[in-house]
Each structure stands twice: as structure tokens, then as C-alpha cells.
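Below is one structure, written out as C-alpha cells; comments come after it.
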Number of protein chains: 2
Amino acid sequence: MVNIKKDQSAEEKIIAAARKVFLSKGLAGARMQDIADEAGINKALLHYYFRSKDKLFEMIFMEAAQKLFPKINFIFESNMPLFDKIEHFADEYISVMVENPYLPSFVLNEINREPVAFFKKLNEKFGFPDPALFLKQIEREIKKGTIKRINPLQLLMNMLSMCIFPFMAKPMFQLRMGLGETQFRDFMEQRKKEVPKFIIDSIRR
Amino acid sequence: MVNIKKDQSAEEKIIAAARKVFLSKGLAGARMQDIADEAGINKALLHYYFRSKDKLFEMIFMEAAQKLFPKINFIFESNMPLFDKIEHFADEYISVMVENPYLPSFVLNEINREPVAFFKKLNEKFGFPDPALFLKQIEREIKKGTIKRINPLQLLMNMLSMCIFPFMAKPMFQLRMGLGETQFRDFMEQRKKEVPKFIIDSIRR
DNA sequence: ACCTTTGTTAACCATTTGGTTAAATTGCAT
DNA sequence: ATGCAATTTAACCAAATGGTTAACAAAGGT
């Protein structure tokens, strides 16, 4: 728990601290003083390196979004077979979130507070994920008869839900089920295989 | 959009306003002045009827939790056949959330900020949902051979995820897919049947 | 050594925000 | 009408909070 802070530059310390505070408390709940304390530096330095709370927040938010969205894009747009895509998606996506459990709550929440503004910003920065190809691919498989009839959007939503939701409910789930960190990790590791299997079992003809 | 406020008591106006503001901005982001404005009354009245922001928040939070948790309990503890339970759960739960789309984000988020405190409070107020029976029932069906082998907790998580997550991603999903309110509603109405079908197709032997 | 640039801090400042107060208004029982 | 309790408001207040400033320390080039 003690400082790794010694050999980090002030700027790095600030970013690490801001990440921690913003991710757990959100924009509205975060305090500049908390971030300064967490970084072990003077509050004025926050403004020296990043002009304002909003600017600092934006950099953390973009960093977080970067971890989530480009990966979706890549898988959506690749030319793997459908079942492979599903397997890859679950595996890679859950992996990211296991390492950053707060990520989905944080990003979705802040988007919910100011949807249009964030949507625009995310779109210009890096193309907001476009599932069009993935949906087409599902339709094609349905026509080929390899999978059952289903609204492609429903299938997409099912996949996203089962991968992402567990992290958004993590604290409640752990308390209710009495799971520690490692047990939750194990549960999510199992899920990397379980979710694709569950989906494919459901839609395969 | 105009006032129904005329024939409501001040207390009712406050509660309605607080509900709206807290649900969309969260505890940290909500301002007492915003709530007063929304209710069209003086800020001091908020403190006259409810002592503090925290007290007011707690009443709104509990009201929200009440809409979500007892219903889960009831279905978990009923003695319906497994497939019926899944169908009922999806149908009833999605219905509640269609009428209150912010509910899941709000409740889960605030729990995430202060997990242990909320967990205790929810437990004393009304028993926090206990899926033990539901999980047992799944095991029994597996042993009977009516459904495939699966970790019951994974199945539970799948069901919860597919019902709840769409509402947490609602704004983003709508923007990305260009869906209006009615279209989203239709999508969720379709989901009431689709989710149980998806699950049962997956686990049925 | 000296100076200039960069980094860092303590002390401040202005605004926001939750909360209080005392006066005014309303409702209503007598 | 009169008096009394409940309700409502404008004006305040103190603490918290984002942000600034001016002085000070470090680093590095000459």
C-alpha cells in the first residue's frame, strides 16, 4: 500500500491519483483536495499540470474510454467467423475489466449524466464502436441457417450484458454472495468460457 | 411538461422533485437548490420536511430499492418451476424498469460508492434478496437432467445481466443505434420474451 | 558563481452549497 | 373576527471547494 510514488514524476503521481479518485467517486463526487492528498502533493500542482478539474477529468475519462472502445471496434470489424468473434470478445473484454473493475461503471455513468456531449467527443476522438458489420454477420448466419432466428440487436445486447454487467454489480454481488477478490476473479475467469458457450448453445441450430 | 404541481402538497412536490434530481444526478451531483427549483418551492422547505440532504436522499434511495428488491425476493422464493420463474422474472423486472429506466443505474451506483453501509441498511429494512433457493432449484434441475450442467451462479448472473444491463447502457445505446424512446421501449418489450427464450434455449437438454 | 526556467508550496480568494433563522403568510378552530 | 399552530419565504451563515497568487526551491545552462 505504501508509496511507489517516490520514483514517479509529479505528473504521473497526479494521473494515478486522479484515476483512482475519479473512477471510484465520479466527476461530481471527486474532490481536487482528495486527488492531491492521494498523490501526496500540493493542490496547486493539479492546476499547474492540468488547468482545471474538468480538464483533468477529461483526460482520465478519455484514457478509460480508450481502454474499452477501440477493442470493441477491432473485434466488430475483424473478419472472423461469428462464433470466434463471440469467444474473442468475451475473453478479451472480460480480461480488460478484470484488471479495471470500475471501468464500465465509471464510463457508462458519466455518459449517462451528459450523453450527447460525451457521445460527440468520443466520436471525434476515436470512432465510436459501430456494430453494423457484426449485426450484418449475424443476419447472414441466420439466412445460412447456421443459427436460429433472432433479432441481431438482441443478440448483441445479450453478449454485452453478460460480459459487462457483472462488473457493475460487483460490490453488491460480492457482499451478497460473500465472495472475496480472488473468488470474484475466478468467477469472471470462468465466465470467459461460460458466456460464449451459453450464447452459442442458445443460438446454434 | 407543465405543473401538475398545483394540487400536490409541498411534501409531495419535494419528493417528486428529489426523485427526479437524485435519480439523474446521483447523491454527489444533486443540488438542494435544483430540487427546490424543480419542486417550485423555497429551499428552506426541504429542510423543514426532511432534515438534511442525506435524509432526503435516503428516503428516495429506499423508495427506489423497494421497487427493485422485494420483487426479486418474491420470485426467488416462490415455488414455480424453473422455466416459469425465469419467464416471470424477466417479464416483471423489465416492466418495472421500463417505467423507471434510471432505477438500476441509480441504485447500483450509490451502492458502489458505499457498499457496506448500504448493504447493511438494505438488509435490515427488507431482507436483501437471497438467491439460495433459486440456486438450489437450478442444481436440482441439473441433477434431474432437465437442463445442462452449468454453475448456477453463472446462470443467475446471465439472467440478471440481460434484464438489467440494457437500462444502464440506455443513453449510449440509444445514441449509437439512433433509437427514440418508443423504439427503445419496443426493444425492451421484445426482450421480455426474448431473454427467457434465449436462456431456456441455451440450458434445455 | 549566476541567472533563468521549471517545479512546488502555503496562503488566499470567490463562489457554491448545505443548512439556519426570523419574519411573514396561511389555515383553521374557537 | 381572533388567536394559534403549521407552513412558507427571503436573508443569512459557515464550511467546503475550485482556482489563483506570490514567494520559494531545484535544476540546468552559461
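- Heavy-atom contacts from other residues, nucleotides or ligands closer than 6.0 Å to NE2 of B:His88 number 12 or fewer.
- Put simply, CZ on B:Phe50 is 15 Å from C1' on D:dT8, counting in whole angstrom units.
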Contact state string [nucleotides 6-11 of chain C, B base, S sugar-phosphate only, - no protein heavy atom under 4.0 Å]: SBBBB-
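- Between B:Ile75 and B:Tyr93, the closest side-chain pair of non-hydrogen atoms is not below 4.5 Å.
- For A:Met32 and C:dT15, the CE to C1' distance is 16 Å, given to the nearest whole Å.
- Side-chain contact between B:Leu153 and B:Leu135 is present, with heavy atoms from C-beta onward closer than 4.5 Å.
- A distance-only check finds a donor-acceptor pair linking the side chain of A:Arg113 to the backbone of B:Ser24 [under 3.5 Å].
- Figure legend: A:Lys170 and A:Phe184 shown as a cation-pi pair, the cationic atom lying under 6.0 angstrom from the six-membered ring centre and within 45 degrees of its axis.
- Taking atom NE2 on B:His47 and atom C1' on D:dT8, their separation rounds to 15 Å, with Å as the unit.
- Contact check for B:Phe187 versus A:Met157: side-chain heavy atoms found under the 4.5 Å cut-off.
- Between A:Gln33 atom CD and D:dT17 atom P the separation is 9 Å, expressed in whole Å.
- Using a 4.5 Å heavy-atom cutoff, the side chains of B:Asp34 and B:Phe22 are not in contact.
- Within the 4.5 Å cutoff, the side chain of A:Phe61 has heavy atoms near those of the A:Phe106 side chain.
- Salt-bridge annotation for A:Glu99 and A:Arg185: present, with a side-chain N of the basic residue lying under 4.0 Å from a carboxylate O of the acidic one.
- Remark: A:Ala30, A:Arg31 in residues 23-31 of chain A come within less than 4.0 Å of DNA chain D through at least one heavy atom.
- Annotation: side chain of B:Gln183 is not in contact with side chain of B:Gln174 (no heavy-atom distance under 4.5 Å).
- Remark: B:Ser52, B:Lys53 in residues 51-64 of chain B come within less than 4.0 Å of DNA chain C through at least one heavy atom.
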